Chemist: 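Before we start, here is the structure in question, set down as structure tokens.
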Amino acid sequence: MRTLTPARDEPGSTALPPGERVLRLGGRSVRWDERTAWVTVILALLTCVVIAASLLVGEFRISAPDAVASLLGSAPDRMTGFFVTERRLPRALVAVAVGASLAASGAVFCALTRNPLASPDIIGVTQGASAGGATVILVIGGGIAQVALGALVGATLTVGFILLLTWWRGLTGARLVLVGVTLGALAMAYVAHLLSRVFVASAVTAQIWLTGSLQGRGWAELRPVLFCLLVSAVVIWSQARGLRALALGDEAAIALGVRMRSTRVILLSAATLLAAAAVATAGPIAFVALVAPHVARILTRTDRVLPAALLGGVLLLVSDLVAQHAFPLPIPVGVVTVVLGGLFFLGLLWREGRRG
């Protein structure tokens, strides 16, 4: 039997914050926040709307009925079916998957470290993945699978160094950010060295990838990042209680009976996999992992990962549409996200200045 009741109506229970409910599923109960639920539903609907819009816009105009017919396998002509099912739909889905992966990774890192600046592209994880992927592209000349493996190795090594250098003080505070920025700078210096020593054509290819681009991404690139996203989502969901406890601090987590070391390692592994998969697919797209969790936290007033992931997918897809159609020639989507990220943080500075 399923019931949905306010937490305060439970006899003998501890009152929860206003707006929270308890969903009973058989013998189990799940806490649910109404505001977070509404924001999640709205973001999911917005994702569908933006994906649908991405199928229609472009130099080759497609009407909504023709797009629907193409999705159902009865395209009015061969060209329309090609643009809908082979070009625009897979690219939009890749953008959503990559954006969701980056944002979910950033949300997990921020919660684990209790530091709003501890996103993968600030603490060096994205740069480490970039160094691994660039090594495969420029030195080995590998394909998609090899680049993905190189990005995962680079991100894992970076997280390992971060743990080694911050373990005795904990993954918190300015020390974590300083260590991450240092490792990120070293990784990008290594990439710059590689770019200066290789053939020009290879350097141009790697430079476009390092900027962050969704150009040419299709079904082949969607499957690996979607698989990593689903696996990591299951892992994060299974450790959701531990993640919420660790976000409150080590002492609170111990009091709640959380196995801190194993839970932290599992969640760090999932967040690292997400960041590496996103970088391997589209390059090191900046600011999505930092902006999306911030905005999701403002909208929901919680640190839930799902709203941040949905917002990251929408943010990257809208940025890609702007990169494709707002300029005389298409530009890499990483350029747009950098501009949006800069504007967002200027707005935050202005807001904090008014408060001060």
Side-chain angles (χ1 to χ4, degrees), residues 40-104 143-145 147-148 204-205 207-209 211-230 233 277-285 288 292 306 309-340:
T40 302
V41 170
I42 292 171
L43 288 174
L45 293 175
L46 182 60
T47 302
C48 296
V49 169
V50 179
I51 290 175
S54 70
L55 303 180
L56 309 180
V57 298
E59 291 185 3
F60 185 81
R61 295 284 178 174
I62 299 175
S63 65
D66 288 346
V68 173
S70 299
L71 293 175
L72 296 176
S74 55
D77 57 76
R78 192 172 180 179
M79 187 68 71
T80 300
F82 170 76
F83 271 99
V84 171
T85 61
E86 299 299 325
R87 292 287 296 273
R88 295 177 182 175
L89 179 61
R91 177 165 177 162
L93 294 178
V94 169
V96 171
V98 170
S101 298
L102 289 171
I144 296 175
V147 171
V204 171
T205 301
Q207 190 62 54
I208 294 175
W209 179 79
T211 304
S213 175
L214 293 169
Q215 182 66 34
R217 303 305 190 268
W219 296 113
E221 291 78 19
L222 175 64
R223 296 185 189 98
V225 68
L226 189 60
F227 173 77
C228 293
L229 178 60
L230 293 176
V279 172
T281 303
I285 297 175
V288 174
L306 180 57
L310 289 172
L311 185 60
V314 172
L315 176 62
L316 186 57
L317 181 53
V318 171
S319 299
D320 188 47
L321 292 176
V322 172
Q324 289 183 75
H325 308 299
F327 302 96
L329 292 175
I331 62 174
V333 66
V335 176
V336 178
T337 60
V338 167
V339 174
L340 291 178

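Just so it is clear, the structure is predicted and the values come from calculations on it, not from any experiment.
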Chemist: Applying salt bridge (Lys or Arg N to Asp or Glu O under 4.0 Å) as the test, list every pair that has at least one member in residues 215-224; sequence neighbours left out.
Modeler: none
Chemist: Donor-acceptor pairs under 3.5 angstrom involving side-chain atoms of residues 67-78: please list them, not counting sequence neighbours.
Modeler:
{"unit_1": "Ser70", "atom_1": "OG", "unit_2": "Asp66", "atom_2": "O", "d": "2.9"}
{"unit_1": "Ser74", "atom_1": "OG", "unit_2": "Ala69", "atom_2": "O", "d": "3.4"}
{"unit_1": "Asp77", "atom_1": "OD1", "unit_2": "Met79", "atom_2": "N", "d": "3.2"}
{"unit_1": "Asp77", "atom_1": "OD1", "unit_2": "Thr80", "atom_2": "N", "d": "2.7"}
{"unit_1": "Asp77", "atom_1": "OD1", "unit_2": "Thr80", "atom_2": "OG1", "d": "2.9"}
{"unit_1": "Asp77", "atom_1": "OD2", "unit_2": "Thr80", "atom_2": "OG1", "d": "3.0"}

Chemist: Would you give me the side-chain donor-acceptor pairs under 3.5 Å for residues 327-339, sequence neighbours excluded?
Modeler:
{"unit_1": "Thr337", "atom_1": "OG1", "unit_2": "Ala286", "atom_2": "O", "d": "3.1"}
{"unit_1": "Thr337", "atom_1": "OG1", "unit_2": "Gly334", "atom_2": "O", "d": "2.9"}

Chemist: If you look only at pairs with a residue in residues 40-62, which of them pass as a ring pair (Phe, Tyr, Trp, His ring centres under 6.0 Å), with sequence neighbours excluded?
Modeler: Phe60-Phe83
Chemist: Are Val279 and Ile285 side-chain neighbours, meaning at least one heavy-atom pair lies under 4.5 Å?
Modeler: no
Chemist: With a cut-off of 3.5 Å and sequence neighbours excluded, list every side-chain donor-acceptor pair involving residues 309-321.
Modeler:
{"unit_1": "Ser319", "atom_1": "OG", "unit_2": "Leu315", "atom_2": "O", "d": "2.8"}
{"unit_1": "Asp320", "atom_1": "OD1", "unit_2": "Arg91", "atom_2": "NH2", "d": "2.9"}
{"unit_1": "Asp320", "atom_1": "OD2", "unit_2": "Arg91", "atom_2": "NE", "d": "2.9"}
{"unit_1": "Asp320", "atom_1": "OD2", "unit_2": "Gln324", "atom_2": "NE2", "d": "3.0"}

Chemist: Of all heavy-atom pairs between Leu55 and Ile62, which one has the smallest distance, and what is that distance?
Modeler: O-CD1, 3.9 Å
Chemist: State which residues pass side chain to side chain contact (heavy atoms under 4.5 Å, CB included) with Ala277; sequence neighbours excluded, sorted by chain then number.
Modeler: Val225, Cys228
Chemist: Check whether Arg88 reaches the backbone of Val57 with its side chain - one donor and one acceptor, N or O, closer than 3.5 Å.
Modeler: yes
Chemist: Show the numbers, then the answer: is there a side chain to side chain contact (heavy atoms under 4.5 Å, CB included) between Leu226 and Val94?
Modeler: CA-CA 8 Å; Leu226 189 60; Val94 169; over 6 Å; no
Chemist: What are the two closest non-hydrogen atoms of Thr85 and Trp219, and how far apart are they?
Modeler: O-NE1, 2.9 Å
Chemist: Give the minimum heavy-atom separation between Leu229 and Ser101, together with the two atoms involved.
Modeler: CD1-OG, 3.7 Å
